[in-house]
Amino acid sequence: MTVSSLLERLNYTFAHIIVRVNEEVVSPEEYATYLIPDGAKVLVIHLIAGG
Amino acid sequence: MRTVLADYAYTPSPVERGYTGRTLYINLSDRTIAAKPVTDLMKEKFIGGRGFGLWLLWHGVRDDTRWNDPENEIVVSSGPCGGTTQYPGSGKSLVVSISPLTNVVIDSNVGGHFGPLLKFAGWDALEIQGKAERDVIIIIDAPAGRVTVEEATNVPTDTHLVARWLLEELAPGEEERYFISSISSGSGAEHTLWGCLNFSLYDRRRKELRFKQAGRGGIGTVLRDKRIKAVVVKSLPVKGDSNHPADPERVARAGIRLHKEIHDYDDQQCRMRHRGTSYLVQIMNDYDLLPVHNFRFGSHPEAHRINGNVWEARFTQGLPDGCWYGCTLSCSHTSDNYTVRTGPYRGQTVSVDGPEYETIAGVGSNCGIFDPDAILELNFYCDTYGIDTISFGTGVAFVMECYEAGILDREKTGGLELRFGNADAAIELLHQMGRGEGFGCIVGQGVRRMKEYFAREYGADPAFLKDIGMEAKGLEYSEYVSKESLAQQGGYGLTNKGPQHDEAWLIFMDMVSNLLPTFEDKAEALHYFPMWRTWFGLCGFCKLPWNDIVPPDNKYMDEPAKIPAHVQNYVDLFSGVTGRQVTREDLITMSEAVYNFQRVFNIRLGYGLRDHDDVPYRSQGPVTIEEYQSRAERYDKQVEQLLGLNPREMSVEEKLAALRKYREEQYERLKDAVYARRGWTKNGVPTPETLKRLGIDFPEVLAVVQKHL
Amino acid sequence: MNRVLSFDAEKCVGCHICEEVCSETWFKTTDPERSSIRIREEQRQDGLMLSAVYCVQCGECVNVCPVEALYRDKRGIVRLRKQLCVGCLACVGFCPYLAMFYHAGQAEPFKCVACGKCADECPAEALAVVEVETPRAPGVQI
């Protein structure tokens, strides 16, 4: 699946996220087209917010 | 008619590298006013802001001083960087006092102009002790070189009236209004323990006063208990170099960098300039973290009615809504032209300061209220009555759950049907707090005392109340659901002041990104982030520009959650203003000293130990069957995977009990890990070694911890 | 009508005299970092490209100033009232043309006010003060 569809599946709507697939940063521009390989380590880091 | 009770002439000291070198002491009992020197020790170890507040309060009170003893103090201080105009978010102040809710020290963070203007009027901190016989106003007038304590007739109590009265009395001309700020509370603070402080700022475009709140802990109640109607400061005009920084260019370059970043990226990121902290509502709802119905649930189908889009449409757009000069993150929006619907100010058209996320979630979703106008009505009256919207929201949510559980009924509430969603009833409770009559005055004693009262007077089950009453240390929880994040349970529970999110906000890191899998990881985060966030309150900074705007290359950094480029900005700012060359690590050590001092202070006052860090079970897991069922899949999985049990062969009650035992044990283990990391004993006491390492092993500090070793 | 500086890149020879004249006029010193016009040189494949950065009087900064120190005068030029300025430099960060400048020697920022001194001295006649119907739209970055 693409990064976009993963984020949608997990309902990750937060603006300040960082997506790393196998340690490589994926830019937001690539989310829609970047395909996540099978067995890849995916890290979605949400930068802390809170008022 | 004004009568001067105490009069003090002074020449405002110039600011040198962020400090004037003097603090102002006022005693209302014996009517003395004096200047105290700022010592090298204070600057070195306590920096300013919260640090100065704690230091002065420590020396002003006894071990057994209660919040309403004359010895209790209110201390206001900004910090060496406070009043800087170049860097967004550099006008914050910290207010410190012994809290009516917790009986330990509260430190409350606030924007507005008072703190910086106090400095530019010649004072690094304001320290008020004693009690007046009759209501007074305190006036600090730098152009006149005079501090007075005065009685005056017909001074209003509620903030939107008293602040305007002061403006007309002391600054009839438009330009005189620019550099005036007041602190006031309201009638609600006279009848509840939830009193807040309102710090004013003069909005030049709207040509009116706006207010920011030092909300938490009931300091407004202390203010009115001391019979203070208002404190006003008139300072000398503010300029870009008013702090007289050691390296103004270093400060200015950091500021320009951040202004540009906000200009380029805020629109696509949090949209703070358009919607302020209200952007958080939808996100919290999406992540099941928005408090709904007394923290039972994390989302609600009607949350969209009070989300950031709605507020963006209500807030007047395109104005520089910073709460101190130069804040281009401009989160401090106003709902203008709001016509008040109820109560003594019905029919007036006002500007409501907010609402902020905490208010929307507290008096809104947590109480089942999803009508924006109801939230504005509650926001307006909480502010002018001087009542903390967070404590009110969490407190009323507790009352509503008690009502729906049958613990309360219309007879007990004086006719108010306090069910979730009944905004009219919540508003009426607020008016009762303003008037000082009715069930509202019982509610306004706070969740801790309500629990005792309902058990004693109504025969309610104290164990159930203990589980659902969202307070710790006596202070109501702020508006995030910590249930599924052990780290955030610690972020709320293992605080000095009580469950306020300004120490650590770790929910995403923990729950969502799973970046804190081990106890040691959590403990490390519960060391770093509270220390990092404490630092802002030593210097006069707001934390929002740290991470509510993010540079585009942050994602490629190591430890992106710390926003390293912005941490470097703060190093530049601190060194640039004070001339003290520091590293990023030094900022944490500075905070550790103050934080540990505060912990010892709590112990000195009779609290501050391991059992004082206990939390209500609603903050850790599902209390009721309904809560369990709302997340059944997730909980069943945990019962199976973490506990090694078979959920299909267990009743809901059994699963609830098993999960509870596990989570309560986890929290105790977290305490162990965090105390160890912080250099405290198993009972939560800072060790002499830790105090020595931090350079705060003063004899009076060691004397307190010795008793508990 | 709004008075504004105009620059003809075709005519510019990259002598930087305009920067000297501007800083001498307004700061009594020759220092390009204190000039309200900056000539940028960019080496391209087809030769040296010269461009000028200066205020085009768009007025975006007027909205961002927290103390209303920036205003548009009768001739349409955006001016700064120094006595009101609190030195926050928000205007510097928010200028879409990066044409509001800061220098460490002064807390208040500075910008082109279309005084015409540079135009008078430019040996290539690349600069002129003109009147335009409406100022250049804000938010348009070069």
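From a predicted model like this one, the values you see are computed outputs, not experimental measurements. To find a chain, count down the sequence lines: A is the first, B the second, and so on, and within it residues start at 1. Computation of the quantities below employed the complete heavy-atom set of this structure, encompassing side-chain atoms and omitting hydrogens, waters and symmetry-equivalent molecules.
- Annotation: residues 239-256 of chain B contacts chain C through B:K239, B:G240, B:D241, B:P248, B:E249, B:A252, B:R253, B:I256 [non-hydrogen atoms, separation under 4.5 Å].
- Taking the six-membered ring where the residue is Trp, B:F536 and B:Y570 present perpendicular rings, their angle passing 60° and hence far from 30°.
- Although no hydrogens or angles enter the test, the distance criterion places a donor-acceptor pair under 3.5 Å between the side chain of C:E19 and the main chain of C:I39.
- Salt-bridge annotation for B:R273 and B:D321: absent, with no side-chain N of the basic residue lying under 4.0 Å from a carboxylate O of the acidic one.
- Contact of B:Y87 with chain C is not made at all, since no heavy-atom distance falls under 4.5 Å.
- Among residue pairs with one or both ends in residues 113-126 of chain C, none qualify as side chain to side chain donor-acceptor pair (under 3.5 Å); sequence neighbours excluded.
- With hydrogens and angles left out, the side-chain atoms of B:K212 and B:N198 include no donor and acceptor closer than 3.5 Å.
- At least one cation-pi condition fails for B:R210 and B:F199: the charged atom is not both under 6.0 angstrom from the six-membered ring centre and inside a 45 degree cone around its axis.
- Looking at C:E108, only its side chain comes within 4.5 Å of chain B, counting heavy atoms on both sides.
- A distance-only check finds a donor-acceptor pair linking the side chain of B:S278 to the backbone of B:R275 [under 3.5 Å].
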